[in-house]
**Student:** 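Below you will find the structure I want to go over with you.
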Amino acid sequence: MEGGGGGVGAHYNPRTVEEVFRDFKGRRAGILRALTTDVKEFFQQCNPEKDNLCLYGFPNEVWEVNLPAEEVPPELPEPALGINFARDGMQEKEWISLVAVHSDAWLLSVSFYFGSRFGFDKADRKRLFNMINEVPTVFEVVTGSAKKHTEEQPSSVNKNANRSKSNSKVRDSDVKSSRKIQVNEEDEGAEEEGVEEEDEEEHGETLCGACGDNYASDFWICCDLCEKWFHGKCVKITPARAEHIKQYKCPSCSNKRARP
């Protein structure tokens with residue numbers, strides 16, 4: 001693609017609130033991948049010696065660093081221009097956070113561009129904003145401010161004394177309480193249900209450090225350094241592979257220690 005990713009809008013125009021939100025989530029997922037799991041590659045592509053570069057996220061969850069669109073005005077609002085120039089003049093963490101803030105602003109501008117273009121009324125705009133507002137921002141995911149509760153391991157994981165040290169960092173669907181046992185007495189049944197609901201709420205608050213989505217009975221793994229939790233699929237770790245990992249380091253932590 002020459003001159004940026006804005007031209008994608010010419011082929012993909014979401015027209016309903018649900019379609020715009022789906023477009024938002026896809027673009028957001030691509031940007032999150034660039035700033036977390038693919039951060040090493042993203043860092044390398046943002047060479048300060050190159051011309052003004054932008055970070056694009058696409059509806060299919062793909063990201064791209066490219067020059068801005070050549071057409072004026074562009075088909076879609078453009079991301080922040082020249083993100084590569086500040087790369088070597090700041091701490092890497094601060095630079096990534098700055099890119100995240102500008103990316104959040106761009107994602108909102110694209111969504112409400114579609115809303116304005118296709119005539120969303122006040123109720124539609126409010127509904128779209130509320131749907132977007134329920135999802136952590138890119139900045140919150142990248143900085144960990146949306147996952148403060150993950151600094152301590154969930155109590156249900158700590159109580160599992162049968163797991164080894166490596167396994168204690170791995171969470172699968174079996175962590176949640178089973179609902180298969182039926183209790184005959186009414187009082188005991190109510191007590192069991194209360195414990196299970198509390199356990200589900202506890203896990204439901206945990207957010208993936210890569211995609212920002214909630215716990216959903218999928219395989220998870222925790223970084224031994226930053227103590228953030230990740231979906232196995234987001235960091236390409238399977239349960240079988242996790243069994244042989246003595247100390248897991250997420251892509252961000254691995255990159256920090258790989259750089260001189």
Side-chain angles (χ1 to χ4, degrees), residues 1-39 41-43 45-46 52-81 83-84 96 98-121 123-142 146 207-214 216 218 230-236 251:
M1 177 185 301
E2 292 190 15
V8 171
H11 308 288
Y12 181 80
N13 288 321
R15 296 174 180 270
T16 67
V17 172
E18 289 72 19
E19 288 176 346
V20 172
F21 182 60
R22 195 180 310 120
D23 177 273
F24 168 86
K25 290 191 69 177
R27 295 177 189 275
R28 171 181 172 275
I31 290 175
L32 278 174
R33 184 171 289 112
L35 301 183
T36 55
T37 56
D38 296 346
V39 67
E41 181 182 353
F42 171 70
F43 186 90
Q45 289 192 24
C46 291
N52 293 299
L53 295 176
C54 303
L55 172 60
Y56 294 91
F58 298 115
N60 60 353
E61 302 186 6
V62 172
W63 63 273
E64 178 184 53
V65 172
N66 207 337
L67 296 171
E70 296 179 356
E71 56 184 334
V72 180
E75 177 67 19
L76 291 178
E78 284 290 300
L81 182 66
I83 59 172
N84 52 315
I96 293 294
L98 179 63
V99 176
V101 169
H102 284 294
S103 296
D104 282 320
W106 176 68
L107 289 170
L108 284 172
S109 68
V110 171
S111 293
F112 282 89
Y113 163 82
F114 285 128
S116 178
R117 179 174 179 180
F118 297 114
F120 286 8
D121 59 18
D124 286 339
R125 293 194 303 271
K126 183 177 181 180
R127 187 155 65 95
L128 175 60
F129 177 80
N130 288 337
M131 293 170 72
I132 292 175
N133 201 40
E134 289 297 316
V135 180
T137 65
V138 174
F139 176 80
E140 288 173 335
V141 174
V142 168
L207 303 177
C208 174
C211 69
D213 285 344
N214 293 333
D218 296 325
F230 298 85
H231 289 113
K233 63 183 180 180
C234 291
V235 291
K236 300 178 181 178

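Start at 1 with the first residue, then count along the sequence.
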**Student:** If you define the side chain from C-beta out and look only at heavy atoms, does anything of Thr37 sit under 4.5 Å from Phe230?
**Tutor:**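 The answer is no, as the side chains (C-beta and beyond) never meet within the 4.5 Å cut-off.
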
**Student:** Do you know which two heavy atoms are closest between Gly209 and Thr36, and how far apart they sit?
**Tutor:**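 Looking at all heavy atoms of both residues, the shortest contact is O-CG2, 3.6 Å.
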
**Student:** Mind listing the closest non-hydrogen atom pair of Cys54 and Pro68 along with its distance?
**Tutor:**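 Smallest interatomic distance, heavy atoms only, reads SG-CB, 4.0 Å.
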
**Student:** Can a donor-acceptor pair be found, under 3.5 Å and without considering hydrogens, that links the side chain of Asp23 to the backbone of Pro59?
**Tutor:**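 A pair under 3.5 Å: no.
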
**Student:** Check whether more than 12 heavy atoms from other residues, nucleotides or ligands sit under 6.0 Å from atom OH of Tyr113, and answer yes or no.
**Tutor:**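 More than 12 within 6.0 Å, yes.
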
**Student:** Do side-chain atoms of Arg33 reach the backbone of Glu61 as a donor and acceptor pair under 3.5 angstrom?
**Tutor:**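 Looks like yes, one N/O pair under 3.5 Å.
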
**Student:** Pair Val99, Val142 - check side-chain contact (heavy atoms from CB on, under 4.5 Å), show working.
**Tutor:** CA-CA 10 Å; Val99 176; Val142 168; over 6 Å; no

**Student:** Roughly how far apart are Phe112 CZ and Leu128 CG, rounded to 0.5 Å?
**Tutor:**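 Answer for the CZ-CG pair, Phe112 versus Leu128, is 4.5 Å.
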
**Student:** Enter the distance from His231:NE2 to Cys211:SG here, rounded to the nearest 0.5 Å.
**Tutor:**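 One gets 5.0 Å once the value is rounded to the nearest 0.5 Å.
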
**Student:** Measure the spacing between CG of Leu81 and CG of Leu67 and express it to the nearest 0.5 Å.
**Tutor:**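 Going from the CG atom of Leu81 to the CG atom of Leu67 covers 9.0 Å.
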
**Student:** Once you round to the nearest 0.5 Å, how far does CZ of Phe139 lie from CD1 of Ile96?
**Tutor:**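 So the gap between those two atoms works out to 12.5 Å.
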
**Student:** Answer yes or no: is there a side-chain heavy-atom contact under 4.5 Å between Leu107 and Ile132?
**Tutor:**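 In short, these two side chains do not touch, never coming nearer than 4.5 Å.
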
**Student:** Quick one: do Asn66 and Leu53 satisfy side-chain contact (heavy atoms from CB on, under 4.5 Å)? Show the steps, please.
**Tutor:** CA-CA 5 Å; Asn66 207 337; Leu53 295 176; 5.6 Å; no

**Student:** Check step by step if side-chain contact (heavy atoms from CB on, under 4.5 Å) holds for Ser109 and Trp106.
**Tutor:** CA-CA 5 Å; Ser109 68; Trp106 176 68; 3.9 Å; yes

**Student:** Check the pair Arg27 / Tyr56 against side-chain contact (heavy atoms from CB on, under 4.5 Å), numbers first and verdict last.
**Tutor:** CA-CA 8 Å; Arg27 295 177 189 275; Tyr56 294 91; over 6 Å; no

**Student:** Measure the spacing between CE of Met131 and CD of Glu18 and express it to the nearest 0.5 Å.
**Tutor:**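 One finds 5.5 Å between CE of Met131 and CD of Glu18.
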
**Student:** How close do Pro136 and Val141 get, counting heavy atoms only, and between which atoms?
**Tutor:**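 Heavy-atom minimum between the residues: CB-CG2, 3.9 Å.
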
**Student:** Nearest 0.5 Å, please: how far is OG in Ser103 from CG in Leu108?
**Tutor:**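 Between Leu108 CG and Ser103 OG, I get 11.0 Å after rounding to 0.5 Å.
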
**Student:** State, to 0.1 Å, how close Asp121 and Asp124 come at their nearest heavy-atom pair, and which atoms those are.
**Tutor:**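 That closest heavy-atom pairing would be OD1-N, 2.8 Å.
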
**Student:** Taking all non-hydrogen atoms of both residues, which atom of Cys46 and which atom of Val65 are closest, and how far apart?
**Tutor:**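 Answer, listing the atom of Cys46 first, then Val65: SG-CG2, 4.2 Å.
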
**Student:** Of all heavy-atom pairs between Ala100 and Val138, which one has the smallest distance, and what is that distance?
**Tutor:**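 Residues Ala100 and Val138, closest heavy atoms: CB-CG1, 3.7 Å.
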
**Student:** Would a 4.5 Å heavy-atom cut-off, applied to side chains only, mark Asp38 and Pro251 as touching?
**Tutor:**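 Of all side-chain heavy-atom pairs linking Pro251 with Asp38, none is under 4.5 Å.
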
**Student:** Kindly say whether Thr137 contributes a backbone atom to a donor-acceptor pair with the side chain of Glu140 at under 3.5 angstrom?
**Tutor:**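 Answer holds: yes.
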
**Student:** Which of these, Glu134, Lys126, Arg127, sits in a side-chain contact (heavy atoms from CB on, under 4.5 Å) with Asn130?
**Tutor:**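 So the option named by the test is Lys126.
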
**Student:** Which label fits Trp63 and Phe42: parallel for a plane angle under 30°, tilted from 30 to 60°, or perpendicular past 60°?
**Tutor:**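 Trp63 vs Phe42 ring planes: perpendicular.
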
